[in-house]
Amino acid sequence: MSTLQEVAGGALRVQNVERTFALKDDVVRALDKVSLEVPVGSFISLIGPSGCGKSTLLRLLAGLESPDGGSLLIGDKTPNEMRTAGRLGVAFQDPALMPWRSVWKNITLPLQVMGKPVKEFQTAIEELISLVGLQGFEQALPSQLSGGMRQRVAIARALVTEPEVLLLDEPFGALDEILRRTMNLELQRIWSARRPTTILVTHSIEEAIFLADKVAVMSARPGRIVEIVDIPFERPRDPEIIRSSEFHKLADHLSELLFAGGGH
Amino acid sequence: MKNFSRFARGTGVVLIVLAIWEILGRLELVGQGALPAPTQILAQFWKDRSDYPPHLSVTLKSAGTGFVIGNIIAIIAGAIAARFRIAETLLRGVGMSLFAVPLIAIVPVLLLAFSGTTPRIILAAMAVYFPTYIATMNGMRNVDERLVDVVMVAGGSTTDVLRWIRVRSALPHIVSAFRVAAPAALLGTLLAEFGGGTRWGLGTYLLGSLGQANPSRLWSIGLVATAVAASAYMLFAFIGARLSRSSMSATVQTSMPIGEASGPWWKRLGGGVVSAGVVLGLWALVLSILDMSPVVAKSPLAIVKYLTTDPRAAESRSRLFDAYSETLPLALIGLLCGLAAALLLAVILSLRPTLGRAVLPFALVSQTMPLPALTPLIVLVFGRSILATVVVCVSVTFFPSFVTISQALATTSPAAIDVVRVSGGGRLKTLRFVGLPGAVPAMVTAARLAAPRALLGVMIAEYLATGNGLGNLLNESRGRLDYGMIWTVATTSVLVAVLITQLFGLAEKLTRK
């Protein structure tokens, strides 16, 4: 099934993870025995209908919540150990920038939280800002930026600690289709420069295929992984591939899985 | 250009009003000279100019000290309540009491316990506590959860979240509470100065000038106090605007949310009982720390005895009852008149915006004028009558109610308005079918927020001028050294005020359903 089997220490292993939420008079199985393996330096997309638990899985990997069963390991560390060591990066659909901080200061936030001297990272931050294409906007406040630019700030912030694992929860979900395609190209470029192990949660089949080495398809109620699909395109990928018949075949296959598994 | 013409029109309105005022004053058309002309007031101010610095500096020092102390306590309490739900429950009684209490009822008690300017500082601190406490708690609690996640994923702890997010998020809320708290501190100080303590202070000066038949001096003192309150307000409005240039919309928040209890009824009841217990406990604690003679200082139990088993209990009860039956109806009438006036202006403003805009600046000035300074002026104009009391009451309840109601009128859904319009209805019909029904809950909210102010307004008028009701009972009891009654009035007025706000709160819940 997988062609990227590596035995590197930092691979991400999710085994039989369970997570349930108690509602008023019901118990929702957000995740039901979910297993997933992501080799070091690879990019995996999680796709599925609303309520399939993909965001929950991401929050578990970020160490923001704990599973009710099963285990999550990144190398030999738990997500919480990775989190407190500052080795994770995260970006959400909402850029979640501090409105009172400039672009520069929003990006330095994780360093400050980790208690690292920001001055030593001066050049690294400058490089990062040019990587995400925000030169000249260092002192701008979030309210002065467009939606796409805010999202770039959020991604730069996720990368500033040089994380080993990058967790993206629909980072472009609030952008329009045209901007989204541009941002996907940008993300591919940024990711290729650093190559952190990346998990992208998305609603968009096109985005999932274009960016990932593998796409994990989830179904809802209970949240399960239905199938993991390999994406064979060479990198760097040209936007042209979206129009190729191979891309269409993959997209058709994914939508079949989605509508069979999660389409109530 | 548009701004300029608006500015010119505004200046024009002010000049016209000043001119009318000048004519009314020069011809002594209002209350036989009770309303002096602006130029006469100015002349009096110039004559008295050497009186002001010592009085003003004492007042500012007390109000400033009380402001700082009250806010420090409120911020610490708010931060703890934001972190621990149990602390919020425990502190609810203290907050509600301080929100509702007619501060003047506390003055005699403070004068018994402390000397010099201490009562003024304490009353100022009590006056600022509630707005800052609520702003701190809500500001720290309601932060962007995604930001919290970002800090947590970067390896942060809850302390990091507090340091990097909660404090900064709460800051604009706290500063905007300072805008309300600063004039409140002045109000508290002036009220306590009425009770005595030292010979200096703007309130003392005002009280001393009451019997001098010199309306110009009273007006001059009142306007100086207004200027102080307005500049304090504007200072914090300015700081707030700089702070929040991008981080939040700078809407004026007049309807202060009061921490609502939640959960099943037995839990709320239990929380209420416990938080009332905290208030009583604090009371007992303060008394034991001060180590006052039990003749002067009354514990909660002593007050119960005073009203039940004491040989003169029946007489005390009937005096208390008489006082309440004079004060409460007046406060209610004043509150209703204030609400009616507010509704009227809000409706006029929504139908004829330009007309309303001309009236608004004067409503605003009346709002910044500290109540203790405003009351003598109203009494001057309307005489020592029931009418004066009601006018005092209207003037303090009118403006906040107006803001609450016109906000509700302005936020009626555009779609609902369109439905009426499409059916051929004009502005009046829209108001009748959409605006007014939507404004009913806002009226009740306004009543809840204004009720404590109404009670305070009536009591100040009674204390200074009319010689009726609770305000007078306070005065009398001080004269007779009737310590039991002083404490009883203070305690029962807190209870009654809290009860009234709770009743309005209940009505609010029913109308919002």
Side-chain angles (χ1 to χ4, degrees), chain A residues 55 58-65 79-103 105-116 140-145 150 153-155 157-161 163 165-171 174, chain B residues 75 79 82-83 135-136 138-179 236-251 253 262-265 267:
Chain A
S55 290
L58 206 80
R59 291 183 66 81
L60 292 175
L61 286 167
L64 292 170
E65 286 175 30
N80 204 40
E81 285 165 341
M82 293 292 282
R83 180 183 75 77
T84 45
R87 291 161 72 183
L88 302 175
V90 71
F92 303 105
Q93 176 173 346
D94 183 322
L97 304 178
M98 295 188 170
W100 54 84
R101 283 184 164 225
S102 64
V103 166
K105 290 204 154 176
N106 261 293
I107 294 174
T108 58
L109 176 82
L111 295 173
Q112 288 178 306
V113 171
M114 289 166 66
K116 291 192 175 173
L141 289 170
S143 59
Q144 299 165 317
L145 303 177
R150 286 181 209 168
V153 179
I155 287 171
R157 181 181 57 192
L159 292 170
V160 73
T161 54
V165 177
L166 184 60
L167 303 166
L168 304 171
D169 191 355
E170 298 193 46
Chain B
I75 289 171
R83 180 76 181 79
T136 308
N138 288 338
M140 286 201 166
R141 190 175 281 169
N142 304 331
V143 297
D144 187 344
E145 283 305 314
R146 289 296 183 181
L147 280 180
V148 175
D149 286 347
V150 167
V151 169
M152 293 303 280
V153 173
S157 59
T158 45
T159 318
D160 288 309
V161 173
L162 181 73
R163 178 174 166 201
W164 298 106
I165 304 175
R166 294 196 193 278
V167 170
R168 184 55 182 78
S169 294
L171 206 54
H173 298 272
I174 295 173
V175 172
S176 91
F178 286 172
R179 284 187 318 197
F236 288 110
F238 176 74
I239 298 173
R242 306 249 2 217
L243 260 181
S244 61
R245 50 195 168 138
S246 57
S247 59
M248 63 185 262
S249 55
T251 44
Q253 197 191 16
S262 56
W265 66 270
K267 221 173 179 177

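Note on naming: letters A, B, ... go to the chains in the order of the sequence lines (proteins, then strands), and numbering restarts at 1 for each one.
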Exercise. Where on B:Asp160 is there a heavy atom nearer than 4.5 Å to chain A: the side chain, the backbone, both, or neither?
Worked result: side chain
Heavy-atom distances under 4.5 Å only: say whether [X] touches chain B with side chain, backbone, both or neither.
X        : result
A:Gln144 : neither
A:Arg157 : side chain
A:Leu64  : side chain
A:Leu97  : backbone

Exercise. Any sub-3.5 Å donor-acceptor pair from A:Arg87's side-chain atoms to A:Val165's backbone N or O?
Worked result: no
Exercise. Quick check: are there more than 12 heavy atoms from other residues, nucleotides or ligands sitting under 6.0 Å from CZ of B:Arg141?
Worked result: yes
Exercise. Minimum heavy-atom separation for A:Gly63 to A:Asn80, with atom names?
Worked result: O-OD1, 3.7 Å
Exercise. Is it the case that B:Arg179 places NZ or CZ above or below the six-membered ring of B:Phe236, under 6.0 angstrom from the centre and within 45 degrees of the axis?
Worked result: no
Seminar exercise, completed: To the nearest 0.5 Å, atom CZ of B:Phe178 lies from atom NE2 of B:His173 at 13.5 Å
Exercise. If you count heavy-atom pairs under 4.5 Å between each of B:Val151, B:Leu171, B:Leu147, B:Ile165 and chain A, which one has the most?
Worked result: B:Leu147
